[in-house]
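Step one of this worksheet: look at the structure below.
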Amino acid sequence: MERNLTADQLALFEKEFASNPQYRVMQNAVTQTPVNNIALDRQVVTSMDHSVSHLLDDWKVTNQKKSGRCWMFAGLNLLRVGAAEKLGVKDFEFSQNYVLFWDKFERANFFLEAIIETAGRDADDRTVAHLLSDPIGDGGQWNMFIAVVRKHGLVPKTAMPESESSSATAQLNDVLRKLLRQGARDLRALDGEEARRDRKGEILTTVHRVLSIHLGTPPQKFLWQWKDTDKGFHRDGWITPTEFAAKYVQLPVDDYVCLVHDPRSTSPVGRTFTVDYLGNVIDAPPVVYLNVEMDLMKQLTQDAIVGGEPVWFGCDVGKQMNGDLGFWDAKLYDYEAVYDTEFTLDKADRLVHHETLMTHAMLFTGVDVVDGKPRRWRVENSWGDEKADSGFWTMNDSWFGEHVFEIAVRRSALPADLQARLDDEPIVLPAWDPMGALAD
């Protein structure tokens with residue numbers, strides 16, 4: 001075929017389409033009906049339901065609303081299970097707004113430090129351009145969640161409830177991006193460490209003010225009291241956020257490690273990785289993950305759930321998903337039949353060719369085990385209770401293998417040889433690598 005599309009070539013394309021009656025049928029259908037309604041595989045749908053053999057959740061789902069806080073919602077949903085048990089209540093929520101405030105503020109500092117470090121590079125340097133492309137979005141990863149909790153603690157939702165801007169972050173983020181890009185310009189134009197540090201302090205003062213206006217002021221101390229499910233009254237007195245987290249977080253979060261499935265040939269199994277300029281809290285342990293085989297990732301997830309613990313995970317949520325039903329399956333939509341073609345990119349190819357990355361984080365709260373193997377998984381989402389099974393979704397195991405990228409599990413759950421590899425110096429991936437994607 002010639003480089004330019006000629007009239008004769010265009011006529012051939014049209015002839016090829018017109019010569020097949022099946023294509024005309026599909027054209028009539030798709031021009032009048034959403035393609036997903038046509039491609040939805042009824043056999044897959046009728047084979048699924050929301051029942052599982054091992055179920056942990058007996059609580060209500062949360063709702064991140066119009067924000068990209070899924071990773072912190074999933075983390076807080078994991079931690080609230082033990083807190084609710086300790087408090088003797090059925091439903092409990094940590095303040096997502098409190099974690100949002102400190103993540104935003106710490107991330108602003110993290111960004112400005114990166115700009116200072118790269119100030120000698122051109123603005124169109126690929127790393128600098130990546131930093132400037134989104135200085136302060138909502139998304140994050142497991143290690144970033146732990147970094148905020150470790151430094152700033154937690155508070156109950158009553159101590160710092162949601163605000164309009166925490167539930168719909170677009171305007172707040174727009175203001176912060178303007179401030180930080182403007183700050184980046186100023187820092188890059190200055191000479192000398194002292195001048196840059198002074199200017200950074202001025203920028204952060206403004207960022208803190210903006211966050212306080214939009215989100216409220218984080219409490220330094222609060223009077224904690226509550227009623228349990230039997231209506232018994234309890235008072236814990238005045239307590240700081242770090243004291244509250246130390247007392248009511250029942251999981252040893254510092255012992256959790258991040259595992260990923262990255263099947264690219266350039267990412268060897270059994271090696272640790274980090275991504276350049278990925279993080280939020282300066283001087284916190286870096287975002288490090290261990291690349292493992294998918295079968296091990298599934299087994300560790302199953303073992304944790306059967307043992308009574310939900311599992312935080314990250315995935316590419318929009319692939320092969322039906323939001324009304326709350327179902328995921330690797331073959332939920334038969335697009336190949338609709339378009340009379342094949343889609344042959346495997347998971348590694350999709351990563352290499354920018355067809356996939358981690359976009360969302362949730363919590364596994366159940367698994368259906370048949371003959372020792374997982375058949376499907378139950379998922380606590382943070383999109384409210386209007387869809388799926390009151391907000392709890394169902395994932396067939398085929399989807400797990402194709403579209404789940406990351407889980408957080410106890411270090412002790414790993415085989416001894418992989419536990420030892422966690423102490424290896426991580427391979428550093430560039431800032432723009434897809435495995436550095438932030439779930440939102």
For Glu386, does the CD atom sit with more than 12 other heavy atoms under 6.0 Å from it, leaving out its own atoms? no
Could you verify whether a donor N or O on one side chain and an acceptor N or O on the other, from Asp228 and His234, lie under 3.5 Å apart? yes
Residues, nucleotides or ligands: over 12 heavy atoms within 6.0 Å of Asp283 CG: no
Whether Gln320 side chain and Leu332 backbone form a donor-acceptor pair below 3.5 Å: yes
To the nearest 0.5 Å, how far apart are CD1 in Ile407 and CG in Leu363? 12.0 Å
NZ of Lys157: more than 12 outside heavy atoms within 6.0 angstrom? yes
With distance as the sole test, does Asp125 use its side chain to make a donor-acceptor pair with the main-chain N or O of Val128 at under 3.5 Å? yes
Asp255/Arg411 salt bridge by N-O under 4.0 Å criterion: no
Has the side chain of Glu93 got a donor or acceptor atom that lies under 3.5 Å from a matching backbone atom of Arg80? no
Are Glu194 and Arg197 ion-paired here, with the side-chain N under 4.0 Å from a carboxylate O? no
For Ala114 and Leu131 the tightest heavy-atom approach is CB-CD1, 3.8 Å
Can you tell which of Phe313, Phe73, Trp71, Trp383 makes a ring pair (Phe, Tyr, Trp, His ring centres under 6.0 Å) with His360? Trp383
Do the non-hydrogen side-chain atoms of Leu414 and Leu290 ever get within less than 4.5 Å of each other? yes
Given Asp57, Val52, Val311, the one that forms side chain to side chain contact (heavy atoms under 4.5 Å, CB included) with Thr365: Asp57
Candidate list Lys104, Arg69, Arg177, Arg107, test salt bridge (Lys or Arg N to Asp or Glu O under 4.0 Å), partner Asp138, passing option: Lys104
Using salt bridge (Lys or Arg N to Asp or Glu O under 4.0 Å), reason through Glu193 and Arg196 one step at a time and then give a plain yes or no. CA-CA 5 Å; Glu193 184 78 6; Arg196 285 174 175 155; 5.7 Å; no
With sequence neighbours excluded, tell me which residues meet side-chain hydrogen bond (donor to acceptor under 3.5 Å, both in side chains) with Asp303. Gln299
Testing the 3.5 Å rule here: is there a donor-acceptor pair between the side chains of Tyr277 and Glu117? yes
For the backbone of Met160 and the side chain of Ser95, can you confirm whether one donor and one acceptor N or O come within less than 3.5 Å of each other? yes
Determine whether Arg376 and Asp49 satisfy the following criterion, salt bridge (Lys or Arg N to Asp or Glu O under 4.0 Å), listing intermediate values before the conclusion. CA-CA 9 Å; Arg376 60 175 171 243; Asp49 61 67; 2.7 Å; yes
Mind running side chain to side chain contact (heavy atoms under 4.5 Å, CB included) on Phe405 and Leu351 for me, showing each step along the way? CA-CA 11 Å; Phe405 285 106; Leu351 281 168; 3.8 Å; yes
Do Ser398 and Lys331 have side chains that get closer than 4.5 Å, going by heavy atoms? no
Within the side chain of Arg235, is there an N or O that forms a donor-acceptor pair under 3.5 Å with the backbone of Trp224? no
If you look only at pairs with a residue in residues 151-180, which of them pass as a ring pair (Phe, Tyr, Trp, His ring centres under 6.0 Å), with sequence neighbours excluded? Trp102-His152
Got a donor-acceptor contact below 3.5 angstrom from the Arg350 side chain to the Leu345 backbone? yes
Hey, are Glu380 and Trp393 close enough side-chain-wise for a donor-acceptor pair under 3.5 Å? no
Minimal heavy-atom distance between Asn280 and Ala147, with the atoms involved, is OD1-CB, 3.8 Å
Between Ser53 (side chain) and Val367 (backbone), is there a donor-acceptor pair under 3.5 Å? yes
Is the shortest distance from a Lys or Arg side-chain nitrogen in Lys319 or Glu402 to a carboxylate oxygen in the other one below 4.0 Å? no
Is any side-chain N of the basic residue among Lys373 and Asp371 closer than 4.0 Å to the acidic one's carboxylate O? no
Once side chain to side chain donor-acceptor pair (under 3.5 Å) is applied, what residue pairs with a partner in residues 242-253 remain, sequence neighbours excluded? Asp236-Lys247, Asp236-Tyr248, Thr240-Thr242, Thr240-Glu243
4.5 Å side-chain heavy-atom contact, Glu355 and Asp349: no
Carboxylate-amine/guanidinium contact Arg421 Asp417, below 4.0 Å: no
Counting N and O atoms only, with roles assigned by atom type, does the side chain of Arg150 sit under 3.5 Å from a partner on the main chain of Val253, one being a donor and the other an acceptor? no
Under a 3.5 Å threshold, yes or no: a donor from one side chain and an acceptor from the other, between Lys347 and His261? yes
Do the rings of Phe364 and Trp377 sit parallel, tilted or perpendicular, given the 30° and 60° boundaries? tilted
Glu164 CD: over 12 foreign heavy atoms closer than 6.0 Å: no
What I want to check is whether the side chains of Thr62 and Asn77 have a donor and an acceptor closer together than 3.5 Å. yes
Under 4.0 Å between a Lys/Arg side-chain N and an Asp/Glu carboxylate O for Arg410 and Glu309? yes
Salt bridge (Lys or Arg N to Asp or Glu O under 4.0 Å) assessment of Asp433 paired with Arg264: CA-CA 12 Å; Asp433 190 90; Arg264 292 176 294 179; 3.0 Å; yes
Side chains of Lys200 and Asn109, donor plus acceptor under 3.5 Å: yes
Does the Thr301 side chain pair with the main chain of Met297, one donor and one acceptor, at a distance under 3.5 Å? yes
With a 4.0 Å cut-off, would you call Asp397 and Arg375 a salt bridge? no
Does some side-chain heavy atom of Pro156 sit less than 4.5 Å from a side-chain heavy atom of Phe94? no
Relative to each other, are the rings of Trp142 and Phe145 parallel, tilted or perpendicular (30° and 60° limits)? tilted
Under 3.5 Å donor-acceptor, Trp328 side chain and Val317 backbone: yes
Any donor-acceptor pair under 3.5 Å linking the side-chain atoms of Asn36 with those of Tyr335? yes
We want to know whether Asn291 and Asp262 form a side-chain donor-acceptor pair, criterion being a heavy-atom distance below 3.5 angstrom. no
